[in-house]
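Encoded as structure tokens, the structure appears first; notes follow it.
Remember, it's a predicted structure, so these values are computed and weren't measured experimentally. Order of listing sets the numbers, starting from 1, for every ligand and every atom in it.
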Amino acid sequence: MTEKLVLTGLTKRYGNHLAVDGLELQVKEGDFISFLGPSGSGKTTVLNMIAGLVEPTSGGIMIDGVDLTHQPANQRNIGLVFQNYALFPHLTVSGNIAFPLEVRGHPPETIGQKVEETLRLVKLEGFGERLPSELSGGQQQRVALARAIVFEPSLLLLDEPLGALDRRLRESLRQELRSLQRATGITTIMVTHDQEEALTMSDQVLVMAGGRAEQIGSPEDLYQRPRNRFVAEFMGSSNIVAGTSLTKDGKTFLQIGKAAVPRNGEAASDGRAMQFAVRPDAVGFDADGLGPSSLVGTVVGSEFCGEYYRLHIETDDLGVLASHIRTNTPPAIGTQGVLTWSAADMHQLSDDG
Ligand SMILES: Nc1ncnc2c1ncn2[C@@H]1O[C@H](COP(=O)(O)OP(=O)(O)O)[C@@H](O)[C@H]1O
Ligand SMILES: [Mg+2]
């Protein structure tokens, strides 16, 4: 099967600033993929290059096997939604949705029917005669979405589409958006800086930093197997555990200050720096287990999170680590104890982040 979208060495330079640096990406037909990264990491620039709104400095863009790198935007058949609705204020909802069909020269008879169908799809039946100013923010964003999909684009690009909405609306709209995308099967790329949004909505997530791809993978991959420290920290999911390799009696350990913690993974010469990600739900805290080579910490914070308590445990060598424990009686602030986890829960990170 040919890929829907292929980016090869896609690069954008503004003066001597590299906004996007040699991006490689393949997107399968029907997939929902998110570009996730901090502000300024180049997400919008990539999207705008795909849309034809920004000219790449070098590299290529193929859609359905056709090289579109230098095609004008209006010949790419791409639907676009931005954070700020950008509806035509003087046109009704129906007028806004009909617009892309009119520009493409669809016959008037079919336009009305197509607009009605799309209004139903975005759950705005009966709103056709209103003006955008007579709609809520969420409804306006649904109209923008309808306008972007009504002409059956080959690709849908969304730039922070839920960014201007309040939290509750965002959460309900993201599920709606995803089921609409599934129902239509339109290959979709969404830009977001919200890791929860990316994880809950996407088939694949591309994590960007400084114009480069840090990692691409399924939400589960990124969450459980971050490639490097940047991804682990950005996903907000993990403790970073750094130390040096130690081998004793044929077993491998991670030496962290005075503590020696059993580890799995590749053998390494003694003293080699290594870092691992350990998720808070894998970290236990044992107030009675103090021993000479155990990793010791002091509880400095405790938050009730419903299903579990989130403990903040201060250590000498690793700063404050998080531990999620299921208990009715969390240890008091100031309690000293041992941090415990199994070697299998340590996920090794590469050194490049
Ligand atoms: N038209 C432009 N001229 C100069 N620099 C730009 C322009 N557009 C974006 N940039 C720079 O490129 C980088 C990436 O921007 P952008 O793609 O908007 O990031 P993001 O969407 O991830 O926040 C930023 O450093 C930004 O300042
Ligand atoms: Mg942006």
Side-chain angles (χ1 to χ4, degrees), residues 5-25 27 32-61 63 68-73 76 78-87 137 140-141 144-145 148 155-167 169-170 173-174 177 181 187-202 204-217 219 222 226-236 352-353:
L5 172 72
V6 179
L7 306 179
T8 44
L10 194 63
T11 298
K12 181 66 190 182
R13 193 182 277 281
Y14 289 109
N16 53 16
H17 177 66
L18 260 181
V20 177
D21 183 7
L23 192 68
E24 306 280 332
L25 178 68
V27 181
F32 190 112
I33 147 155
S34 292
F35 292 171
L36 173 67
S39 174
S41 56
K43 307 179 299 293
T44 294
T45 305
V46 177
L47 212 67
N48 286 343
M49 287 193 280
I50 298 170
L53 303 173
V54 165
E55 177 82 8
T57 305
S58 59
I61 301 165
I63 296 178
L68 296 181
T69 315
H70 303 291
Q71 290 274 352
R76 296 192 186 196
I78 287 176
L80 272 172
V81 176
F82 300 103
Q83 176 170 349
N84 303 310
Y85 332 116
L87 299 174
Q140 288 183 51
Q141 203 54 325
L145 186 62
L155 203 59
L156 177 63
L157 305 180
L158 310 167
D159 195 350
E160 310 258 4
L162 309 177
L165 307 172
D166 69 54
R167 185 182 167 80
L169 191 55
R170 227 164 48 221
L173 268 184
R174 69 188 184 206
L177 179 56
Q181 187 270 339
T187 312
T188 300
I189 300 177
M190 178 180 77
V191 160
T192 180
H193 62 266
D194 180 333
Q195 50 99 4
E196 189 178 303
E197 205 165 279
L199 290 180
T200 54
M201 294 178 71
S202 316
Q204 296 281 307
V205 180
L206 172 79
V207 180
M208 289 189 69
R212 302 175 68 96
E214 290 291 332
Q215 185 169 1
I216 176 154
L222 292 178
R227 198 176 63 80
N228 60 24
R229 184 173 189 136
F230 174 84
V231 177
E233 286 180 339
F234 194 71
M235 300 315 288
D352 64 1

Any non-hydrogen side-chain atom of [X] less than 4.5 Å from a side-chain atom of [Y]?
{"X": "Phe234", "Y": "Leu222", "answer": "no"}
{"X": "Arg212", "Y": "Leu18", "answer": "no"}
{"X": "Gln204", "Y": "Val27", "answer": "no"}

### Message
Name the residue from Ile189, Leu80, Val81, Val191 that meets the side-chain contact (heavy atoms from CB on, under 4.5 Å) definition with Asp159.
### Response
Val191
### Derivation of the side chain to side chain contact (heavy atoms under 4.5 Å, CB included) call for Tyr14 and Val54
CA-CA 11 Å; Tyr14 289 109; Val54 165; 3.9 Å; yes
Considering only protein heavy atoms, which is closest to [atom], and at what distance to one decimal place?
{"atom": "atom 9 (C) of ligand 1", "result": "Tyr14 CE1, 3.6 Å"}
{"atom": "atom 22 (O) of ligand 1", "result": "Lys43 NZ, 2.8 Å"}
{"atom": "atom 23 (O) of ligand 1", "result": "Gly40 N, 2.7 Å"}
{"atom": "atom 19 (O) of ligand 1", "result": "Gly42 N, 3.2 Å"}

### Query
Can Gln181 and Met201 be said to form a side chain to side chain contact (heavy atoms under 4.5 Å, CB included), step by step?
CA-CA 10 Å; Gln181 187 270 339; Met201 294 178 71; over 6 Å; no
### Query
Applying a 4.0 Å heavy-atom criterion (strictly less than), which segment of His17 is in contact with ligand 1: side chain, backbone, both, or neither?
side chain
Under a 4.0 angstrom heavy-atom cut-off, which atoms of ligand 1 come close to [X]?
{"X": "Pro38", "result": "22 (O)"}
{"X": "Ser41", "result": "19 (O), 20 (P), 22 (O)"}
{"X": "Ala19", "result": "12 (O), 13 (C)"}

### Query
So with a 6.0 Å cut-off around CZ of Arg170, is the heavy-atom count from everything else above 12?
yes
### Message
Protein non-hydrogen atoms only, distance under 4.0 Å: does atom 26 (C) of ligand 1 have such a neighbour?
### Response
no
#### Entry: Contact check: Thr44 to the Mg ion (ligand 2), N/O/S below 2.8 Å
yes
### Query
Nearest to atom 21 (O) of ligand 1 by heavy atom, Thr44, Asp159, Thr45, Val191: which?
Thr44
### Query
Would Ile63 and Leu155 satisfy side chain to side chain contact (heavy atoms under 4.5 Å, CB included), going step by step from the backbone distance to the final call?
CA-CA 9 Å; Ile63 296 178; Leu155 203 59; 3.8 Å; yes
